[in-house]
There are 4 protein chains.
Amino acid sequence: MTEAVAGHCLHLDPGTRENARRRLMSVRGHVEGILRMLDNESVYCVDVLKQIKAVDGALDKVGDLVLRSHLRDHVTTAHERGDTDEIVEELMEVLKYR
Amino acid sequence: MTEAVAGHCLHLDPGTRENARRRLMSVRGHVEGILRMLDNESVYCVDVLKQIKAVDGALDKVGDLVLRSHLRDHVTTAHERGDTDEIVEELMEVLKYR
Amino acid sequence: MTEAVAGHCLHLDPGTRENARRRLMSVRGHVEGILRMLDNESVYCVDVLKQIKAVDGALDKVGDLVLRSHLRDHVTTAHERGDTDEIVEELMEVLKYR
Amino acid sequence: MTEAVAGHCLHLDPGTRENARRRLMSVRGHVEGILRMLDNESVYCVDVLKQIKAVDGALDKVGDLVLRSHLRDHVTTAHERGDTDEIVEELMEVLKYR
(Lines give C-alpha, C1' and ligand atoms only; values in the text may rest on other atoms or scores of the structure.)
Protein backbone atom coordinates (compact mmCIF):
# COMPACT_ATOMS: atom_id res chain seq x y z
CA MET A 1 0.00 0.00 0.00
CA THR A 2 2.77 2.38 0.95
CA GLU A 3 4.37 1.86 -2.43
CA ALA A 4 1.26 2.67 -4.43
CA VAL A 5 0.89 5.84 -2.44
CA ALA A 6 4.60 6.63 -2.58
CA GLY A 7 4.25 6.53 -6.34
CA HIS A 8 2.65 9.95 -5.94
CA CYS A 9 5.86 11.16 -4.27
CA LEU A 10 4.42 11.82 -0.85
CA HIS A 11 7.33 13.01 1.27
CA LEU A 12 7.59 14.36 4.77
CA ASP A 13 8.10 18.12 4.46
CA PRO A 14 11.69 19.27 5.25
CA GLY A 15 10.78 21.42 8.26
CA THR A 16 8.88 18.63 9.99
CA ARG A 17 11.59 16.15 9.09
CA GLU A 18 14.23 18.33 10.75
CA ASN A 19 12.01 18.99 13.79
CA ALA A 20 11.30 15.26 14.18
CA ARG A 21 15.03 14.51 13.85
CA ARG A 22 15.94 16.97 16.60
CA ARG A 23 13.29 15.61 18.93
CA LEU A 24 14.29 12.01 18.24
CA MET A 25 17.90 12.82 19.09
CA SER A 26 16.62 14.06 22.43
CA VAL A 27 14.58 10.85 22.80
CA ARG A 28 17.76 8.84 22.16
CA GLY A 29 19.57 10.88 24.83
CA HIS A 30 16.71 10.19 27.23
CA VAL A 31 16.87 6.45 26.54
CA GLU A 32 20.63 6.58 27.21
CA GLY A 33 19.86 8.29 30.51
CA ILE A 34 17.59 5.39 31.50
CA LEU A 35 20.33 2.93 30.49
CA ARG A 36 22.70 4.73 32.86
CA MET A 37 20.07 4.59 35.64
CA LEU A 38 19.87 0.84 35.11
CA ASP A 39 23.63 0.50 35.68
CA ASN A 40 22.94 1.52 39.26
CA GLU A 41 22.18 -1.53 41.43
CA SER A 42 20.01 0.48 43.76
CA VAL A 43 17.78 2.06 41.12
CA TYR A 44 14.13 2.27 42.22
CA CYS A 45 11.50 0.74 39.91
CA VAL A 46 9.17 3.71 39.99
CA ASP A 47 11.96 6.10 38.96
CA VAL A 48 12.53 3.91 35.89
CA LEU A 49 8.77 3.82 35.17
CA LYS A 50 8.61 7.62 35.35
CA GLN A 51 11.45 7.98 32.86
CA ILE A 52 9.90 5.44 30.48
CA LYS A 53 6.65 7.36 30.66
CA ALA A 54 8.48 10.61 29.86
CA VAL A 55 10.15 9.03 26.81
CA ASP A 56 6.76 7.69 25.72
CA GLY A 57 5.37 11.21 25.91
CA ALA A 58 8.30 12.63 23.92
CA LEU A 59 7.87 9.94 21.24
CA ASP A 60 4.15 10.71 21.03
CA LYS A 61 5.03 14.36 20.37
CA VAL A 62 7.22 13.29 17.44
CA GLY A 63 4.36 11.13 16.20
CA ASP A 64 1.95 14.06 16.46
CA LEU A 65 4.27 16.29 14.42
CA VAL A 66 4.56 13.74 11.65
CA LEU A 67 0.85 12.94 11.77
CA ARG A 68 -0.16 16.59 11.51
CA SER A 69 2.14 17.06 8.56
CA HIS A 70 0.79 13.91 6.90
CA LEU A 71 -2.80 15.01 7.39
CA ARG A 72 -2.13 18.48 6.00
CA ASP A 73 0.05 17.51 3.04
CA HIS A 74 -1.23 14.09 2.01
CA VAL A 75 -4.54 13.12 3.57
CA THR A 76 -6.48 16.30 2.81
CA THR A 77 -5.45 16.02 -0.84
CA ALA A 78 -6.18 12.30 -1.27
CA HIS A 79 -9.49 12.75 -3.06
CA GLU A 80 -7.87 14.96 -5.70
CA ARG A 81 -5.08 12.43 -6.18
CA GLY A 82 -7.56 9.54 -6.25
CA ASP A 83 -5.98 7.39 -3.52
CA THR A 84 -8.54 7.94 -0.75
CA ASP A 85 -8.98 4.26 0.13
CA GLU A 86 -5.26 3.52 0.48
CA ILE A 87 -4.60 6.70 2.45
CA VAL A 88 -7.47 6.04 4.87
CA GLU A 89 -6.61 2.38 5.41
CA GLU A 90 -2.94 2.95 6.14
CA LEU A 91 -3.77 5.85 8.46
CA MET A 92 -6.33 3.82 10.42
CA GLU A 93 -3.68 1.11 10.78
CA VAL A 94 -1.14 3.43 12.43
CA LEU A 95 -3.77 5.10 14.62
CA LYS A 96 -4.89 1.79 16.16
CA TYR A 97 -4.18 1.63 19.92
CA ARG A 98 -2.50 4.96 19.64
CA MET B 1 7.65 10.40 48.21
CA THR B 2 10.13 8.27 46.33
CA GLU B 3 12.72 9.03 48.99
CA ALA B 4 10.57 7.96 51.91
CA VAL B 5 9.90 4.71 50.13
CA ALA B 6 13.48 4.31 48.96
CA GLY B 7 14.44 4.53 52.62
CA HIS B 8 13.19 0.95 52.77
CA CYS B 9 15.78 0.01 50.13
CA LEU B 10 13.37 -0.93 47.39
CA HIS B 11 15.52 -1.89 44.41
CA LEU B 12 14.76 -3.27 41.00
CA ASP B 13 15.75 -6.95 41.07
CA PRO B 14 18.98 -7.72 39.11
CA GLY B 15 17.34 -10.04 36.54
CA THR B 16 14.70 -7.50 35.59
CA ARG B 17 17.28 -4.73 35.56
CA GLU B 18 19.43 -6.66 33.09
CA ASN B 19 16.42 -7.62 30.95
CA ALA B 20 15.23 -3.99 30.88
CA ARG B 21 18.75 -2.83 29.96
CA ARG B 22 18.96 -5.24 27.03
CA ARG B 23 15.55 -4.21 25.75
CA LEU B 24 16.33 -0.51 26.11
CA MET B 25 19.53 -0.94 24.10
CA SER B 26 17.36 -2.38 21.36
CA VAL B 27 14.97 0.58 21.73
CA ARG B 28 17.94 2.93 21.32
CA GLY B 29 18.98 1.06 18.16
CA HIS B 30 15.42 1.38 16.85
CA VAL B 31 15.41 5.14 17.51
CA GLU B 32 18.72 5.41 15.65
CA GLY B 33 17.10 3.56 12.76
CA ILE B 34 14.33 6.18 12.62
CA LEU B 35 16.96 8.94 12.72
CA ARG B 36 18.59 7.37 9.65
CA MET B 37 15.19 7.17 7.91
CA LEU B 38 14.78 10.90 8.55
CA ASP B 39 18.08 11.63 6.77
CA ASN B 40 16.34 10.49 3.61
CA GLU B 41 14.59 13.40 1.87
CA SER B 42 12.00 11.14 0.35
CA VAL B 43 10.96 9.37 3.55
CA TYR B 44 7.20 8.75 3.71
CA CYS B 45 5.33 10.02 6.81
CA VAL B 46 3.44 6.81 7.42
CA ASP B 47 6.65 4.77 7.42
CA VAL B 48 7.96 7.04 10.19
CA LEU B 49 4.68 6.74 12.10
CA LYS B 50 4.87 2.94 11.90
CA GLN B 51 8.39 2.92 13.33
CA ILE B 52 7.46 5.32 16.13
CA LYS B 53 4.56 3.04 16.99
CA ALA B 54 6.90 0.05 17.08
CA VAL B 55 9.30 1.85 19.44
CA ASP B 56 6.33 2.83 21.62
CA GLY B 57 5.34 -0.83 21.83
CA ALA B 58 8.90 -1.88 22.72
CA LEU B 59 9.09 0.79 25.44
CA ASP B 60 5.75 -0.37 26.85
CA LYS B 61 7.20 -3.89 27.12
CA VAL B 62 10.11 -2.53 29.19
CA GLY B 63 7.61 -0.65 31.34
CA ASP B 64 5.58 -3.85 31.85
CA LEU B 65 8.67 -5.76 32.97
CA VAL B 66 9.58 -3.13 35.53
CA LEU B 67 5.97 -2.73 36.66
CA ARG B 68 5.50 -6.46 37.18
CA SER B 69 8.69 -6.63 39.20
CA HIS B 70 7.64 -3.59 41.25
CA LEU B 71 4.22 -5.09 41.97
CA ARG B 72 5.69 -8.43 43.00
CA ASP B 73 8.61 -7.16 45.10
CA HIS B 74 7.37 -3.89 46.54
CA VAL B 75 3.65 -3.31 46.17
CA THR B 76 2.42 -6.67 47.50
CA THR B 77 4.58 -6.18 50.61
CA ALA B 78 3.62 -2.56 51.30
CA HIS B 79 1.16 -3.31 54.09
CA GLU B 80 3.79 -5.29 56.01
CA ARG B 81 6.28 -2.45 55.57
CA GLY B 82 3.67 0.15 56.50
CA ASP B 83 4.01 2.39 53.44
CA THR B 84 0.76 1.50 51.65
CA ASP B 85 -0.35 5.09 51.02
CA GLU B 86 2.95 6.23 49.48
CA ILE B 87 3.28 3.10 47.36
CA VAL B 88 -0.29 3.39 46.03
CA GLU B 89 -0.08 7.11 45.29
CA GLU B 90 3.19 6.92 43.38
CA LEU B 91 1.96 3.90 41.42
CA MET B 92 -1.32 5.60 40.46
CA GLU B 93 0.75 8.56 39.27
CA VAL B 94 2.85 6.49 36.84
CA LEU B 95 -0.16 4.50 35.63
CA LYS B 96 -2.09 7.63 34.60
CA TYR B 97 -2.71 7.77 30.82
CA ARG B 98 -0.68 4.66 30.46
CA MET C 1 -14.19 25.69 14.40
CA THR C 2 -16.79 23.00 14.09
CA GLU C 3 -19.29 25.55 12.89
CA ALA C 4 -17.13 26.93 10.13
CA VAL C 5 -16.59 23.41 8.89
CA ALA C 6 -20.20 22.42 9.41
CA GLY C 7 -21.08 25.30 7.09
CA HIS C 8 -19.98 22.95 4.34
CA CYS C 9 -22.63 20.46 5.49
CA LEU C 10 -20.32 17.73 6.65
CA HIS C 11 -22.53 14.96 8.00
CA LEU C 12 -21.87 11.48 9.26
CA ASP C 13 -22.98 9.08 6.52
CA PRO C 14 -26.24 7.21 7.31
CA GLY C 15 -24.71 3.69 7.31
CA THR C 16 -22.00 4.63 9.79
CA ARG C 17 -24.49 6.55 11.89
CA GLU C 18 -26.74 3.49 12.16
CA ASN C 19 -23.79 1.18 12.86
CA ALA C 20 -22.48 3.54 15.56
CA ARG C 21 -25.97 3.74 17.08
CA ARG C 22 -26.30 -0.05 17.29
CA ARG C 23 -22.87 -0.40 18.87
CA LEU C 24 -23.53 2.37 21.36
CA MET C 25 -26.77 0.70 22.44
CA SER C 26 -24.69 -2.36 23.18
CA VAL C 27 -22.19 -0.17 25.09
CA ARG C 28 -25.10 1.20 27.15
CA GLY C 29 -26.24 -2.37 27.91
CA HIS C 30 -22.70 -3.23 28.96
CA VAL C 31 -22.55 -0.21 31.30
CA GLU C 32 -25.88 -1.31 32.80
CA GLY C 33 -24.35 -4.75 33.35
CA ILE C 34 -21.51 -3.17 35.34
CA LEU C 35 -24.05 -1.16 37.35
CA ARG C 36 -25.77 -4.42 38.28
CA MET C 37 -22.41 -5.94 39.25
CA LEU C 38 -21.87 -2.99 41.57
CA ASP C 39 -25.17 -3.70 43.35
CA ASN C 40 -23.52 -6.87 44.63
CA GLU C 41 -21.70 -6.25 47.91
CA SER C 42 -19.21 -8.97 47.24
CA VAL C 43 -18.18 -7.84 43.76
CA TYR C 44 -14.45 -8.26 43.13
CA CYS C 45 -12.48 -5.18 41.96
CA VAL C 46 -10.69 -6.95 39.15
CA ASP C 47 -13.97 -8.22 37.67
CA VAL C 48 -15.16 -4.60 37.52
CA LEU C 49 -11.86 -3.49 35.96
CA LYS C 50 -12.18 -6.19 33.29
CA GLN C 51 -15.67 -5.03 32.37
CA ILE C 52 -14.62 -1.37 32.25
CA LYS C 53 -11.79 -2.36 29.95
CA ALA C 54 -14.23 -4.24 27.71
CA VAL C 55 -16.52 -1.20 27.48
CA ASP C 56 -13.50 0.99 26.71
CA GLY C 57 -12.62 -1.36 23.84
CA ALA C 58 -16.21 -1.28 22.52
CA LEU C 59 -16.26 2.53 22.66
CA ASP C 60 -12.95 2.69 20.82
CA LYS C 61 -14.50 0.57 18.05
CA VAL C 62 -17.33 3.10 17.70
CA GLY C 63 -14.75 5.87 17.60
CA ASP C 64 -12.81 4.04 14.89
CA LEU C 65 -15.95 3.68 12.75
CA VAL C 66 -16.74 7.36 12.97
CA LEU C 67 -13.10 8.36 12.47
CA ARG C 68 -12.76 6.21 9.35
CA SER C 69 -15.92 7.70 7.91
CA HIS C 70 -14.74 11.23 8.76
CA LEU C 71 -11.35 10.63 7.12
CA ARG C 72 -12.92 9.20 3.98
CA ASP C 73 -15.77 11.69 3.53
CA HIS C 74 -14.42 14.93 4.97
CA VAL C 75 -10.68 14.91 5.59
CA THR C 76 -9.54 13.59 2.20
CA THR C 77 -11.64 16.28 0.48
CA ALA C 78 -10.56 19.21 2.68
CA HIS C 79 -8.08 20.68 0.20
CA GLU C 80 -10.76 20.85 -2.50
CA ARG C 81 -13.17 22.50 -0.07
CA GLY C 82 -10.47 24.87 1.17
CA ASP C 83 -10.76 24.14 4.90
CA THR C 84 -7.57 22.12 5.40
CA ASP C 85 -6.35 24.03 8.45
CA GLU C 86 -9.62 23.76 10.38
CA ILE C 87 -10.08 20.08 9.51
CA VAL C 88 -6.53 19.20 10.55
CA GLU C 89 -6.64 21.16 13.82
CA GLU C 90 -9.92 19.73 15.01
CA LEU C 91 -8.83 16.20 14.09
CA MET C 92 -5.51 16.53 15.95
CA GLU C 93 -7.49 17.72 18.96
CA VAL C 94 -9.69 14.59 19.10
CA LEU C 95 -6.76 12.27 18.40
CA LYS C 96 -4.76 13.55 21.39
CA TYR C 97 -4.20 10.83 24.01
CA ARG C 98 -6.40 8.56 22.00
CA MET D 1 -7.56 -17.15 38.94
CA THR D 2 -10.20 -14.73 40.12
CA GLU D 3 -11.88 -17.54 42.02
CA ALA D 4 -8.77 -18.57 43.91
CA VAL D 5 -8.26 -14.99 44.91
CA ALA D 6 -11.94 -14.41 45.63
CA GLY D 7 -11.66 -17.31 48.07
CA HIS D 8 -9.99 -14.78 50.34
CA CYS D 9 -13.15 -12.65 50.20
CA LEU D 10 -11.65 -9.67 48.41
CA HIS D 11 -14.47 -7.21 47.92
CA LEU D 12 -14.64 -3.69 46.57
CA ASP D 13 -15.03 -1.37 49.58
CA PRO D 14 -18.56 0.10 49.93
CA GLY D 15 -17.53 3.75 49.48
CA THR D 16 -15.69 3.08 46.23
CA ARG D 17 -18.51 0.85 45.04
CA GLU D 18 -21.05 3.64 45.58
CA ASN D 19 -18.77 6.26 43.99
CA ALA D 20 -18.18 4.00 40.97
CA ARG D 21 -21.92 3.39 40.68
CA ARG D 22 -22.72 7.10 40.65
CA ARG D 23 -20.07 7.80 38.05
CA LEU D 24 -21.21 4.92 35.87
CA MET D 25 -24.78 6.20 35.95
CA SER D 26 -23.43 9.46 34.62
CA VAL D 27 -21.48 7.52 31.95
CA ARG D 28 -24.73 5.80 30.94
CA GLY D 29 -26.42 9.19 30.67
CA HIS D 30 -23.58 10.44 28.52
CA VAL D 31 -23.86 7.40 26.21
CA GLU D 32 -27.59 8.10 25.91
CA GLY D 33 -26.74 11.67 24.96
CA ILE D 34 -24.55 10.38 22.11
CA LEU D 35 -27.36 8.07 21.01
CA ARG D 36 -29.66 11.10 20.75
CA MET D 37 -26.99 12.97 18.77
CA LEU D 38 -26.91 10.05 16.35
CA ASP D 39 -30.67 10.37 15.76
CA ASN D 40 -29.89 13.68 14.08
CA GLU D 41 -29.20 13.20 10.37
CA SER D 42 -26.94 16.20 10.25
CA VAL D 43 -24.70 15.25 13.16
CA TYR D 44 -21.05 16.10 12.52
CA CYS D 45 -18.48 13.27 12.92
CA VAL D 46 -16.06 15.28 15.02
CA ASP D 47 -18.79 16.19 17.52
CA VAL D 48 -19.47 12.47 17.98
CA LEU D 49 -15.73 11.76 18.34
CA LYS D 50 -15.43 14.45 21.03
CA GLN D 51 -18.30 12.93 23.02
CA ILE D 52 -16.86 9.42 22.71
CA LYS D 53 -13.56 10.75 23.97
CA ALA D 54 -15.30 12.39 26.94
CA VAL D 55 -17.05 9.12 27.84
CA ASP D 56 -13.72 7.31 27.52
CA GLY D 57 -12.21 9.77 29.99
CA ALA D 58 -15.12 9.34 32.42
CA LEU D 59 -14.81 5.54 32.23
CA ASP D 60 -11.07 5.78 32.88
CA LYS D 61 -11.84 7.77 36.03
CA VAL D 62 -14.11 4.95 37.26
CA GLY D 63 -11.34 2.48 36.44
CA ASP D 64 -8.84 4.57 38.40
CA LEU D 65 -11.11 4.63 41.46
CA VAL D 66 -11.52 0.88 41.44
CA LEU D 67 -7.83 0.31 40.70
CA ARG D 68 -6.71 2.54 43.57
CA SER D 69 -9.04 0.76 45.95
CA HIS D 70 -7.83 -2.64 44.69
CA LEU D 71 -4.18 -1.65 45.13
CA ARG D 72 -4.77 -0.33 48.64
CA ASP D 73 -7.02 -3.10 49.96
CA HIS D 74 -5.88 -6.19 48.10
CA VAL D 75 -2.57 -5.80 46.28
CA THR D 76 -0.54 -4.29 49.12
CA THR D 77 -1.65 -7.16 51.40
CA ALA D 78 -1.04 -9.98 48.92
CA HIS D 79 2.25 -11.13 50.42
CA GLU D 80 0.66 -11.53 53.86
CA ARG D 81 -2.22 -13.48 52.33
CA GLY D 82 0.17 -15.57 50.24
CA ASP D 83 -1.43 -14.96 46.82
CA THR D 84 1.19 -12.61 45.32
CA ASP D 85 1.52 -14.46 42.01
CA GLU D 86 -2.21 -14.58 41.26
CA ILE D 87 -2.75 -10.96 42.31
CA VAL D 88 0.14 -9.72 40.14
CA GLU D 89 -0.82 -11.75 37.08
CA GLU D 90 -4.46 -10.71 37.06
CA LEU D 91 -3.50 -7.08 37.62
CA MET D 92 -0.97 -7.08 34.77
CA GLU D 93 -3.71 -8.54 32.56
CA VAL D 94 -6.14 -5.68 33.21
CA LEU D 95 -3.43 -3.02 32.93
CA LYS D 96 -2.40 -4.16 29.44
CA TYR D 97 -3.07 -1.43 26.83
CA ARG D 98 -4.70 0.59 29.49
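Nothing here was measured: the structure is a model prediction, and the numbers come from that model.
- For the atom pair CG (D:L59) and CD (C:Q51), the distance works out to 11.5 Å, reported to the nearest 0.5 Å.
- Minimum interatomic distance between D:Y44 and C:L10 (heavy atoms only, all atoms of both residues): CD1-O, 3.1 Å.
- At a heavy-atom cut-off of under 4.5 Å, chain D is reached by C:V31, C:E32, C:I34, C:L35 from residues 30-37 of chain C, listed in order of number.
- Taking chain D as the reference chain and counting heavy-atom pairs below 4.5 Å, the highest number among C:C45, C:P14, C:S69 is found for C:C45.
- Nearest heavy atom pair, residue D:L67 against residue C:L49, reads N-CD2, 4.0 Å.
- Residues that satisfy the side-chain hydrogen bond (donor to acceptor under 3.5 Å, both in side chains) test with C:T84, not counting sequence neighbours, are absent from this structure.
- D:N40 touches chain C through its backbone: at least one of N, CA, C or O sits under 4.5 Å from a heavy atom, while the side chain does not.
- Considering only heavy-atom pairs separated by less than 4.5 Å from chain D, the leading option among C:D13, C:L91, C:D39 is C:D39.
- Side-chain N or O atoms of C:K50 include none that pairs as donor or acceptor with a backbone N or O of D:E93 at under 3.5 Å.
- Contacts between D:V55 and chain C at a heavy-atom distance below 4.5 Å involve backbone atoms as well as side-chain atoms.
- Heavy-atom minimum distance, D:D60 versus C:D56: OD1-OD2, 2.9 Å.
- Nearest heavy-atom pair across D:R17 and C:L38 is NH1-O, 2.6 Å.
- When heavy atoms are compared at a cutoff of 4.5 Å, C:V62 approaches chain D by way of both its backbone and its side chain.
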